[in-house]
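So the structure is just underneath, and the comments pick up after that.
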Amino acid sequence: MNVLVLGDIFGRPGRRVVAQHLPQLKEAFEPELIVANGENAAGGFGLTKKVAEELFSLGIHVLTSGNHIWDQKEMYTYIGEEPRILRPANYPPGVPGSSVFIHRSERASVAVLNLMGRVFMADYDCPFRKADQLLQELPKDVTHVIVDFHAEATSEKIAFARYLDGRVSAVLGTHTHVATADQQILPKGTAYVTDLGMCGPVHGILGVEPDVVINKFLTQLPGRFAVAKGPAFLNGVAIMLKNDGTAEEIVRLHFKNFS
Ligand SMILES: [Fe+2]
Ligand SMILES: [Fe+2]
């Protein structure tokens, strides 16, 4: 059983490159499930109902997220109405939205989980202990578990994946927008990559127009970020899962858009 997971979709260029390549990816991998991180899908900042529906219409089953999920005000209420949009589980209690989505078919019941790191990030609850709790609370019929771990520090991401090795099918890093080349099957059978990279502009700075970011570094003054122009790339993975819930293979996906 194959699952596709795409990194942070950034603005219109990201949505466009995903729309361009998803048909061939579906044909090549015949995925049971398609997951993407949507925290930057609306102009680089968060996600709206309109943009989420556009992404679902492409065949994406579930959108994970991260720290940017609250950038659009409508998400504060909409996330409670749309079970296919997840927010990291380790926010303090009382924050709206769900962090677990379960895809059920005749072949499998796949749980998608979303958690966030703490190193060089905000003061969230412990993702390690929260993951233990989420796994314990999963319905008994769940056969496979895919985790989007939205985090900055490579060490925290690897430690988190090793902590869950053998207990989940995959731990896939998001948030840095820079793909890493360490995709692997961990010793106990969990597929892992430190960061999926993003689906977005090739020549931006993490998706943003370069001049604005460079100026911010030079002056320390806040600037108005804009989505970078030019070509876009798609970054993600295809994972092949075994019936016992572990992973057989992880393949990195990297495509530029058609000109
Ligand atoms: Fe992001
Ligand atoms: Fe993020």
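Remember, it's 1-based here, ligands and their atoms both numbered in the order they're listed. Note that these values count all heavy atoms, side chains included, but never hydrogens, waters or copies made by symmetry.
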Salt-bridge present (Asp195, Lys157; N to O < 4.0 Å): yes

Would you call Glu54 and Arg15 a salt bridge, using N to O less than 4.0 angstrom? yes

Does the salt bridge (charged side-chain N to carboxylate O under 4.0 Å, His left out) test come out yes or no for Asp141 and Arg104, once each step is laid out? CA-CA 9 Å; Asp141 69 312; Arg104 287 186 170 92; 2.7 Å; yes

Partner of His150 by side-chain contact (heavy atoms from CB on, under 4.5 Å), out of Ile69, Thr64, Thr174, Leu172: Thr174

Verdict with supporting geometry, Lys49 and Glu74, salt bridge (charged side-chain N to carboxylate O under 4.0 Å, His left out): CA-CA 8 Å; Lys49 180 177 181 178; Glu74 67 177 76; over 6 Å; no

Counting backbone and side-chain atoms alike, does Met198 have an N/O/S atom under 2.8 Å from the Fe ion (ligand 1)? no

Quick check: does [X] put an N/O/S atom under 2.8 Å from the Fe ion (ligand 2)?
| X | answer |
| --- | --- |
| Glu39 | yes |
| Thr174 | no |
| His175 | yes |

So which N/O/S atom does Asp8 have closest to the Fe ion (ligand 1)? OD2

Where the Fe ion (ligand 2) is the corner point, what angle links NE2 of His150 with OD1 of Asn67, to 10°? 90°

